[in-house]
Amino acid sequence: MIIAVDGPTASGKGTIAKALGSHFGLPVLDTGLLYRAVGYQTQLNHGDADKAADALAACAFPDTLLDDPALRYETTGGLASRVSVHPEVRAALFQRQVDFANQPGGAILDGRDIGTVIAPHADAKLFVTASADERARRRHAELLSRGVEVGFDVVLADIRARDARDTGRADAPLVRAADALLLDTSMMDRDAAVAAAIAFVDQQRERER
Ligand code: DC
């Protein structure tokens, strides 16, 4: 079984993907981490994230980079969003994601284009979202809890900028697949969102039987 979980930044898609992984006993790939690694490697190379050639060169990042805590930084998320605009970068990361999706036994992937490009044949697709204000509120609280002092308005502006870049790019933009369940978590807590996701996947599995 392949499960695709897409959605904008700070929507809770990562949390839902991990919870589905534990529930159904499937491996999970956070594909955003690959783009984050490319963005961060571009910086380490003193390259420019907006230049396709620099971003493509950074696709040869070492796998050990995927464990670097710096990938979780807000600044790295911004770099990831910038390098992900280049079709060359998307092509370089494509096969790795497809192979993960098609491994025997199935897999869960979370990202922006899983249900549309990487695994259009997925058995269950979820598009997890929440209002920009709510996502900014969650991200702001998370940053403060980690001791990162930043204003709410800065976080909201960053989320809006990332949304615009991720949905506005020409290649594989963030868009809900026609057959994906729209899960708006604005008014849901974590447990309710996870329960809704599990119920949907169960329903899809029943249908396929
Ligand atoms: O999910 P995230 O915030 O870690 O993703 C960081 C950036 O990577 C996101 O702004 C856009 C890009 N990305 C992408 O283009 N396609 C994916 N499948 C996953 C992430």
Side-chain angles (χ1 to χ4, degrees), residues 2-21 28-43 49-50 52 55-56 58-59 61 65-102 107-120 122 125-130 132 134-136 138-140 142-143 146 148 155-177 180 183 185:
I2 301 174
I3 305 176
V5 185
D6 289 304
T9 193
S11 58
K13 66 185 185 316
T15 303
I16 288 177
K18 278 193 211 102
L20 288 172
V28 181
L29 179 65
D30 169 3
T31 64
L33 215 50
L34 303 177
Y35 290 92
R36 285 170 179 262
V38 174
Y40 193 61
Q41 185 67 50
T42 305
Q43 191 180 58
D50 298 322
L56 181 60
C59 290
F61 64 82
L65 190 66
L66 294 171
D67 298 319
D68 194 319
L71 295 197
R72 308 276 171 198
Y73 297 168
E74 285 301 286
T75 47
T76 310
L79 287 169
S81 178
R82 284 162 60 195
V83 296
S84 71
V85 164
H86 308 302
E88 297 86 340
V89 168
R90 308 202 71 81
L93 299 180
F94 179 79
Q95 201 57 46
R96 183 180 187 145
Q97 298 172 78
V98 169
D99 289 346
F100 190 91
N102 293 331
I108 301 175
L109 292 87
D110 79 81
R112 302 289 188 290
D113 61 344
I114 308 305
T116 50
V117 175
I118 302 296
K125 300 181 188 178
L126 289 128
F127 191 86
V128 184
T129 191
E134 175 57 21
R135 287 184 284 130
R138 292 177 192 166
R139 177 62 55 82
H140 187 230
E142 179 205 325
L143 288 169
R146 290 196 341 231
V148 183
V155 177
L156 180 60
D158 181 58
I159 283 198
R160 290 212 167 114
R162 281 234 254 150
D163 283 356
R165 207 182 295 120
D166 294 350
T167 56
R169 67 178 175 230
D171 189 17
L174 170 67
V175 63
R176 177 167 82 94
L183 187 57
T185 66

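Remember, it's 1-based here, ligands and their atoms both numbered in the order they're listed.
D6 contributes a side-chain N or O that, together with a main-chain N or O of I114, makes up a donor-acceptor pair within less than 3.5 Å.
Scanning for salt bridge (Lys or Arg N to Asp or Glu O under 4.0 Å) contacts around D50 gives R82, with sequence neighbours left out. Taking D113 as the reference, R90 meet the side-chain hydrogen bond (donor to acceptor under 3.5 Å, both in side chains) condition, with sequence neighbours excluded. Checked against side-chain hydrogen bond (donor to acceptor under 3.5 Å, both in side chains), E74 has the following partners two or more places apart in sequence or in another chain: R139.
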### Task
For side-chain contact (heavy atoms from CB on, under 4.5 Å), just list the numbers for L56 and H86, CA-CA rounded to whole Å, side-chain angles, deciding distance to a tenth of an Å, and then say yes or no.
CA-CA 8 Å; L56 181 60; H86 308 302; over 6 Å; no
#### Entry: Candidate pair L66 and L34, rule side-chain contact (heavy atoms from CB on, under 4.5 Å), full reasoning
CA-CA 7 Å; L66 294 171; L34 303 177; 4.1 Å; yes
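Within 4.0 Å of ligand 1, protein heavy atoms belong to T9, K13, T31, G32, Y35, R36, A80, S81, S84, R90, G111, R112, D113, R162, D166, R169, listed by chain and number.
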